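The basis for the numbers below is simple: all heavy atoms, side chains too, and nothing from hydrogens, waters or symmetry mates. Nothing here was measured: the structure is a model prediction, and the numbers come from that model.
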Amino acid sequence: MKISIVIPAHNEAETIAQCLASVQIAIDQLPSTFTASVLVVLDSCTDDTLRIVQAAGVDYLCCYYQCVGQVRDLGIRHAIVNGATWLACTDADSSVSADWLLQQIEHIRHQKTDMICGVVTVDNWSHLSLYTKKAYMAHYQDKMGHRHVHGANLSFSKEAYLASGGLAALACHEDVDLVNRFEAQCYAITWSNRVRVLTSSRLQARAKEGFGAFLANLETVS
């Protein structure tokens, strides 16, 4: 199995180094029978994100789509052309757990799995209201069989991705759209809370209807 970790980034100079460090730790846990590589897709970056990625020594592409669906799809298809058979997606403002890839492999080994939808943990509640935290915790199902979809913690096989048509050119909810098409085509999806990612609680969302916007809406209600 050749794994490729694809990370879209738009002006993520403050977080990309930590993200890449966490991914490398996860790669280092893999048995020698597995290979893994990282690909960052920089979209319309005007800050130091590129310099930080170059310093980390990982592969990257540059584009000017300003559309996360196109950005992810570009990276995934590039990785597939270069031999990737399993694609693991996270975001530049997130940090994966040390066993992030190992847990994915365990699922693949023990049950038919074409896609894994993992969970996220919020990194910091201190700047958010108590109402927001309680409302989020009441909503979120941190358990096996959950039904949450996060682009920051989504992985799948090359074959299923290509057969499904890949990610659509959507500015948000491209991940939900992809999962819906996997389900419509009866691919095996594992909804796992063993595959975990720590994600940013910033309210200045890169995607207008993404995770940050969800938290910001809760703050508005409070």
Side-chain angles (χ1 to χ4, degrees), residues 3-10 19 23 26 41 43 67-77 79 86-97 100-101 103-104 107-108 111-123 132 135-203 205-218:
I3 303 169
S4 182
I5 298 96
V6 178
I7 307 168
H10 170 62
C19 172
V23 169
V41 187
D43 182 24
C67 173
V68 68
Q70 285 182 280
V71 175
R72 288 194 200 275
D73 184 63
L74 174 66
I76 291 163
R77 292 184 185 276
W86 184 258
L87 293 306
C89 299
T90 192
D91 285 344
D93 67 343
S94 302
S95 297
V96 306
S97 64
W100 186 59
L101 296 173
Q103 290 293 346
Q104 294 178 43
H107 283 308
I108 295 167
Q111 63 204 66
K112 178 169 174 52
T113 301
D114 299 305
M115 171 183 276
I116 300 172
C117 297
V119 296
V120 300
T121 302
V122 174
D123 66 347
T132 294
Y136 176 85
M137 299 301 287
H139 158 79
Y140 203 82
Q141 298 183 345
D142 190 340
K143 64 180 184 180
M144 295 297 295
H146 69 87
R147 296 288 297 184
H148 302 296
V149 177
H150 304 286
N153 196 0
L154 188 65
S155 54
F156 37 79
S157 72
K158 171 191 77 173
E159 292 80 8
Y161 184 80
L162 294 176
S164 72
L167 284 155
L170 298 173
C172 58
H173 303 315
E174 80 292 347
D175 45 4
V176 175
D177 175 73
L178 182 66
V179 172
N180 287 342
R181 279 186 281 117
F182 267 56
E183 288 189 311
Q185 296 181 42
C186 299
Y187 285 111
I189 300 177
T190 299
W191 302 85
S192 175
N193 74 335
R194 289 164 36 197
V195 179
R196 307 189 65 85
V197 164
L198 185 71
T199 199
S200 171
S201 60
R202 68 186 181 191
L203 302 181
R206 295 295 188 267
K208 290 183 179 180
E209 297 179 32
F211 189 75
F214 174 70
L215 292 178
N217 286 338
L218 290 179

[atom1]/[X] to [atom2]/[Y] distance, rounded to the nearest 0.5 angstrom?
X      : Y      : atom1 : atom2 : value
Glu174 : Asp73  : CD    : CG    : 10.5 Å
Asn193 : Lys143 : CG    : NZ    : 10.0 Å
Ile116 : Ile108 : CD1   : CD1   : 5.0 Å

Do [X] and [Y] come close enough that some side-chain heavy atom pair is under 4.5 Å?
X      : Y      : value
Ile7   : Val23  : yes
Val68  : Leu167 : no
Cys117 : Ile189 : yes
Val71  : His10  : no
Ile76  : Lys158 : no
Arg196 : Leu198 : no

Can you see which heavy atom on [X] is nearest to which on [Y], and at what distance?
X      : Y      : value
His107 : Ser192 : NE2-OG, 2.7 Å
Val6   : Ala79  : CG2-CB, 4.4 Å
Ala92  : Cys19  : O-CB, 3.6 Å
Ala160 : Asp114 : CB-CB, 4.1 Å
Ala88  : Ser155 : CA-CB, 3.8 Å
Val197 : Ser94  : CG1-CB, 3.5 Å

Under 3.5 Å, side chain of [X] to main-chain N/O of [Y], donor-acceptor pair present?
X      : Y      : value
Arg181 : Gly166 : yes
His148 : Val119 : no
Ser157 : Trp86  : no
Asp91  : Thr199 : no

With Leu101 as partner, the option from Val96, Val195, Ile5 fulfilling side-chain contact (heavy atoms from CB on, under 4.5 Å) is Ile5
Check this for me: Met137, atom CE, are more than 12 non-hydrogen atoms of other residues, nucleotides or ligands nearer than 6.0 Å? no
The test is side-chain contact (heavy atoms from CB on, under 4.5 Å); show your working for Thr190 and Lys112 and say whether it passes. CA-CA 9 Å; Thr190 299; Lys112 178 169 174 52; over 6 Å; no
Check side-chain contact (heavy atoms from CB on, under 4.5 Å) between Asn180 and all other residues, then give those that pass, not counting sequence neighbours. Val176, Glu183
Angle between ring planes, Tyr187 versus Phe182, binned at 30° and 60°: parallel, tilted or perpendicular? tilted
One pair to check against side-chain contact (heavy atoms from CB on, under 4.5 Å): Gln104 and Ile3. What are the steps and the verdict? CA-CA 11 Å; Gln104 294 178 43; Ile3 303 169; 5.7 Å; no
Aromatic contact between His150 and Tyr140, with the criterion being ring centroids under 6.0 Å apart: yes or no? yes
Answer yes when Asp175 and Arg72 have at least one side-chain N-carboxylate O distance shorter than 4.0 Å, and no when they do not. no
